Structure formats: structure tokens, C-alpha cells
Trainee: 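Take a look at the following structure, please.
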Number of protein chains: 2
Amino acid sequence: MTTIKGGRALPLNTILSGDCIEQMNSLPEASVDLVFADPPYNLQLKGELHRPDNSRVDAVDDHWDQFDSFAAYDRFTRDWLAAARRVLKPNGAIWVIGSYHNVFRMGAELQNQGYWILNDVVWRKSNPMPNFRGKRLTNAHETLIWASRAEGAKYTFNYEALKSLNEGVQMRSDWVLPICTGHERLKDDKGDKAHPTQKPESLLHRVLVATTNPGDVVLDPFFGTGTTGAVAKMLGRDFIGIEREERYRKIAEERLSRVRRFDREALMVSSSKRAEPRVPFGQLVERGMLRPGEVLVSPRGKTAKVRADGTLVGDAMTGSIHQVGAALEGAPSCNGWTYWHFKRDGKTVPIDVLRQQIRSEMSGRPH
Amino acid sequence: MTTIKGGRALPLNTILSGDCIEQMNSLPEASVDLVFADPPYNLQLKGELHRPDNSRVDAVDDHWDQFDSFAAYDRFTRDWLAAARRVLKPNGAIWVIGSYHNVFRMGAELQNQGYWILNDVVWRKSNPMPNFRGKRLTNAHETLIWASRAEGAKYTFNYEALKSLNEGVQMRSDWVLPICTGHERLKDDKGDKAHPTQKPESLLHRVLVATTNPGDVVLDPFFGTGTTGAVAKMLGRDFIGIEREERYRKIAEERLSRVRRFDREALMVSSSKRAEPRVPFGQLVERGMLRPGEVLVSPRGKTAKVRADGTLVGDAMTGSIHQVGAALEGAPSCNGWTYWHFKRDGKTVPIDVLRQQIRSEMSGRPH
DNA sequence: ACCCGCGATGAATCTGGTT
DNA sequence: TAACCAGATTCATCGCGGG
């Protein structure tokens, strides 16, 4: 348990029982970094059907019947998404997963509530169940939606880590992963599958590496047998689970007790340049790596002269390395660090090399 | 022109001008077999976007894609879907295509109106535009929804035809197809793209082969430059197009005049050459075949540790399996797959064995 | 004829810290 | 809060021109 402002406890790394909406509403607001939600779509709604105006269903037309069950599902979706939004930190984000039965309704409601969709992601199953009757296409994928709490939020995205996971190429919105089978698939006493829709750990691994950092709090309001919690624990994230069914909670507890966290070094992830400390160009001059008066050269042969204050003098233009580069190229912007080169021993070297040198001195450790 | 019951003419193989809702409402009810609709996506683009090389991205900023609010877009969606449903035959079906900006709203409204969703289909683009700022996943797919006019309708589905299109394996709900480029992409007088969102003929080919028969009537209420009509004509289906913008209608008319029935069949057999699928090393980690923190060994006894993002940590060096191998050997390059080994049951095994395992799971994998 | 390198481009809700 | 500005960021493919 961790105590946060207001003195209320955040029940970290535990599974709460009961209704997820009530439980989320009992948590302090703005307290979790990420929500991962795999809600049910086969709700048993018959018997509690009301139109929005509370009139009775007279069932002349099964179209109406359908409308009412969609309305009930929409109410449920609206309520749990609102509860999730309340507990999310301002820069938090959410993942939801579903199939065509429910994902369109979730996506529309996410937008209605002010969540800001970042990507929809297709989980392409490498080993789906075939369509036996040959009446439709093999349903070989599920859809995830990744959204920040609001437009403009500074969501977490470990771009470089995902690029590494994908062998150096930018990660796409379609992910090929096998469904959960074999030893990973939890069984009950009778050897049947313990949960009908257990998600593969590989899917959660990718989600959590992509959009959380170690120490983040991940909430799963439909915890089931605890895949989210298990992967969170492995990856050094904290989790909060909510699950209504006691039998799933028990299986999840047992599963979590067996999970071990990976060691700290393994959890470090490739970081982007953006995360590295900023080095002002002037420092290269101060340190004598470049001399005032020295001439820098662009790839296409333009030149500029270094001044003592770290500005450049080009053709009819003075300013930062970026400004002068942009002006010379007629471009909207320019990264002066990679644009400008200097000469040493007959070789032409980008000035970024000097920045790297300073950075490695600062960290004392090469990356 | 064909005359049907009630004496009203069905304007086959022509492009109607004007508002698609009005035009659909002027057609006789229950008269078309299939609707294919590629409506405005309601993209909400803020500023300009530049590629890393500073070139400007030519974005979809056309007036027809602008809506004031979700409410306005929802009204538009409700109206055109209702109009389409009226003109559909009882056993008719509809395809809509969209991205995360609009597809959830379309899917929900389809369900609300009593359409019966049969599949959602993912068009996985083999050559999408990358995410230039590294802030999200590459948006590498669009979503299609296939729905019958009502639950229980006897919709058309050419199961065997699709199976043969797919080298004898049941067609899945994810289709890998390139975007429309090269000579197929229509250009205007200035050599720029004539329409910002022209769809590839291969996509329409698959849709029409799957869910229509020769002689069926296909209606496209957002005809654009006429891809639906062109493929329908090639395949011996009749079409009705509706398009508001005169410049698109003119281009489509000209295009259709050049199309000949059948001349495409031979070409459309998907190229059988298929390279071995690339398996990123990171997938072995995500799938739990290797654990973060686990130590890999080289033939000459060098070691490195696996991280959660699929990179290796060696002596004073972090990077891909290939980079770290090359660095340790002082070689310009290194095939990490054969260089690195892991231990299981006392045996030392190259990691390439695990890659083979994944590939065999994927095999039989259709495109 | 064939190969290679270069430039162009595609439905995109695409920055973030400091002053 | 708005303005300013440093500076980080791309993959597959096609067409074309030169060798």
C-alpha cells in the first residue's frame, strides 16, 4: 500500500473484488498512469432492458430489442470509461481491446468523453480459430485502441524501445502475435481452460513496454486471471486489478505469486535522443573544441563562421546553428547539429560528434 | 438504363452528381445488391507536417472532409447509412471503410440501424506512410466493415473464390495490400494526385469477388475517381456512382471509358513470390522464449544480456543482436541469429532455432 | 538491356521546454 | 498563457536518368 495526497491508500499490487465501477470510484482521482481494459461484450442483458426514456419494450420488432440491448451496453461502457478517466492522471492513457461486437461502441464513447485516440492497433492472431461453416472470413484479429486521457496530454511512448523490438524499424499499428495456448494457458481443476478469453502475455508485454515506465501504476478493471498484473510485475510496474468473479481472483492470486520480476538492467529500455541532456552549442566554443572564427561547412558546401558567443555568421544572416542552417536551405527548420561540419586532419566531421563527446563525459558511461 | 418494378429507371453504369443522400433517396428502394462506401474520414489536422528531410506532407485538407463536431459527423453518418439501407435489397450488404477517426462512429451507427455486422476487415498496408515525428505507431492499416442489411439476411459470400485467391487457405479478416501508387494513381494536369484518397483496385477486386456475383448492382455513394466503378466493370458487375465534385466525376468518366471487362483477371492473381517473413528478435522476448535478463553466449565465449525491448547489453555496448555481435568481434557486421546462443537443459542452442519455430507457426500464412 | 542511385511521396488527428 | 525556438524525426516503392 502506498499513501498519497489526501491520506487515501492506493492498493498497489492487489486484486480488488466487486463491481469495477464502484471500485474505481473508491480510488483517489488522478492516481494511475495507465488503464488496460478487456471488458466483456456478451453481457446478459435480458430482463433489465429499458429504453432511454424508461418506456417498456413491447417487442413488436426485434430491431427495437436490439436497440435496447445496445443502449444498455452503451450505458455500461459510458460508466466504466468515465470512472477510468477519473482515476487517470492528467497525462495518463488507456488501452481497450475488443472485437467488432463491441469495439465500435467503445471507440465512439472514448471520443465522446474527450479521450484522444492515438492509434488503433490490430492484434493479428497468427493462429486463429478457423471459420468452420465457411460463411464469413476467418476472424483472425482483435482491435485495441490506445488513447490519452485528453487531447494535448503528454502521454508516455517509448518509441525507441518499440523500434528495437521490431529490429530497428518503426513499430506499426498491426501486431502479429499468437493467441494464448500451451503452458501459458491457465487450466482449472478439470483441465479445461480457466478463462474463456485469456490474453497472451506477449500482447501485454508490448503494451506495457510501449506506454509505461518502470514504477508506473497500471489499472486493469476487468482483471480476469491476471495477465496484466503478471506482465506488470515482470516488468517492474505496479498494478491494481479489479475482478468480480472469485474463481478468477483466486487463480490470478496464485499466478501472481509465481511471477518474478526481471532484473533491473533488463528493464532498461533504449531511450531516444530527446531524453538526453541538452548541450548548448556555445559550450563547444567555451571548451575550445571549436575556435571563434572557425568556418563550418554544410553537406552542400555552404559555409558560416563561428562567433565567440556560439552564434554563426552566414550570408546576410546571423543566429543559432539551427537558424542559419534553415535560412541557407530555405527550410522551415534545420537540425544544426547534423547539418554543420568542421574539418580536422583533412576530414569533414559533423559537429554532433563533439556533442556526443561532451555527453559521454557527463554520464561517465558509454551507451 | 434498366426498368424495374414501379416503372422507375435504375441509372446503371452512370455517375450521378449532387448530394449522395438526396440521390439515394431518389432511387427506387430495394434495388441494389451491394453498397461500397468510402465516406470522408473527418480528419482533424492542426498544423503542417514535414518529413525529416523537411519536405512537406501533402495532407487531406479538402473542404469535404471538414465537420464542425462529432454531432455533425454523426448526423451525416446516420442519414447516409439510412438512405443506403433503403435502396439495398433485403439480402443486400454494405462495406464501409475508415480509420480510427471515423470508423467507430460508423460501426456503432450500422449496429444502431439494424445492419448486421459480418466481419470487420483490416487492410494492412504493405507500404504505409511512416510516423515522421516518432510520437505514435505507424498508422499502417485501415478498417473495413462488412454488414448485411439485417440479421438473418442471405448475403452473398463466395467462400471458394476467396479461398483460391488465397492459395487454397481460408481467407482471413486481415488483408495485406499495397496502397495505390505508380501508374494506377490518377494524376491531374499538374502531375499531382487527382484525388487525395484513391483506393487500390486490388482492394475493390477482393471486396467484389467476395460479396457479389456477375450482374449484381453495386452502389458507391462517395464515388471519387471511380475505383469501385472501374473494378465493377472489369468484373462484369453493374455500378451506380454518386459524386458531388465535378472534377472527380470528369476524371472518373474518362477512367471508366478506358476500362475493359475481364482484361484484368490474369493480372489479379496475387504474386506468389513471398520472402521469408522477417522475425524481429524482440518477438522472442515478448513471447517468453527468452527472458529479459537472460545471458546469451557467443561461440567464443563472449556474453551479453537480453533486455525487455529486444536489445542486448554487452561490454560497454548496447544495441541489436547484430550490432553487439559485430562490436564484440571487431567485425563490420555480424549475423546475430547464428552468432548468439542460449542454454536449455545444459545444451547450447543458437537463437536462430527460436526464429525457425516462429516462422513455422506463421507458415501457411496467407496474405 | 540492365543496374544503381536519387528524388518523390503516401487518409497524419505527429514536439516540448523555457521565457 | 502565449510566444519563442532548439532540435528530433521516415519506410516502402516507383519512376527516372545516367552509366
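Sequence lines set the chain letters: A, B, ... in the order given, protein chains first and strands last, and positions in each chain run from 1. Predicted, not measured: the structure shown is a model, and the values here were computed from it. Values below: all heavy atoms of this structure, side chains included; hydrogens, waters and symmetry mates excluded.
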Trainee: Which nucleotide, D/dA8, D/dA12, C/dG16, lies nearest any side-chain atom of B/Lys135?
Mentor: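 Per side-chain heavy atoms of B/Lys135, the pick is C/dG16.
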Trainee: Let's test this: given Watson-Crick or G-U wobble pairing with both distances under 3.5 Å, identify the partner of C/dA11.
Mentor: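 Partner of C/dA11: none found under 3.5 Å.
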Trainee: Take atom CD of B/Gln198 and atom P of C/dT9, then tell me their distance rounded to the nearest Å.
Mentor: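 In whole Å, C/dT9 P lies 15 Å from B/Gln198 CD.
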Trainee: With a 4.5 Å cut-off on side-chain heavy atoms, are A/Trp95 and A/Val121 touching?
Mentor: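 They are in side-chain contact.
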Trainee: Partner of D/dT9 by Watson-Crick or G-U wobble geometry, both contacts under 3.5 Å, or none?
Mentor: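 Base-paired to nothing in any strand shown.
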Trainee: Return the 5'-most residue of the pair B/Lys193, B/Phe132 with respect to DNA chain C, ranking by each residue's nearest nucleotide.
Mentor: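 With B/Lys193 and B/Phe132 compared, the 5'-side residue is B/Lys193.
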Trainee: In whole Å, what is the span from the CZ atom of A/Phe157 to the P atom of C/dG16?
Mentor: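 After rounding, the gap between these two atoms is 12 Å.
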Trainee: In Watson-Crick or G-U wobble terms, both distances under 3.5 Å, what is the partner of C/dG17?
Mentor: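 Per the H-bond distance test, D/dC4.
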Trainee: If the C1' atom of C/dG7 is compared with that of D/dT10, how far apart are they to the nearest Å?
Mentor: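 It comes out at 15 Å once rounded to the nearest Å.
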Trainee: Between B/Pro128 and B/Gln44, which residue's closest nucleotide on DNA chain C lies nearer the 5′ terminus?
Mentor: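 It is B/Pro128 whose nearest nucleotide is closer to the 5' end.
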Trainee: I need the CZ-C1' distance between B/Arg124 and D/dA12, as an integer number of Å.
Mentor: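 In whole Å, D/dA12 C1' lies 15 Å from B/Arg124 CZ.
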Trainee: Do A/Val269 and B/Arg307 have side-chain heavy atoms sitting under 4.5 Å apart?
Mentor: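 The answer is no; the side chains never approach within 4.5 Å.
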Trainee: Could you measure between the two C1' atoms, the one in C/dC14 and the one in C/dG10, and give it in whole Å?
Mentor: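 Those two atoms are separated by 15 Å.
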Trainee: Roughly how far apart are A/Asp216 CG and A/Thr211 OG1, rounded to 0.5 Å?
Mentor: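 It comes to 8.5 Å.
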Trainee: Using the P atom in both, what is the distance from D/dT9 to C/dA8, to the nearest Å?
Mentor: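 Their P atoms lie roughly 23 Å apart.
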Trainee: Do the rings of B/Phe223 and B/Phe239 sit parallel, tilted or perpendicular, given the 30° and 60° boundaries?
Mentor: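 If you compare the ring of B/Phe223 with that of B/Phe239, the planes turn out parallel.
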Trainee: May I ask you to evaluate whether B/Arg133 reaches the phosphate of C/dT15, defined as a side-chain N or O under 4.0 Å from OP1 or OP2?
Mentor: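 For C/dT15, OP1 or OP2 has a side-chain N or O of B/Arg133 closer than 4.0 Å.
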Trainee: Across all strands, who's sitting opposite C/dC6 as a Watson-Crick or G-U wobble pair, both distances under 3.5 Å?
Mentor: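 Paired with C/dC6, as far as the under-3.5 Å criterion goes, is D/dG15.
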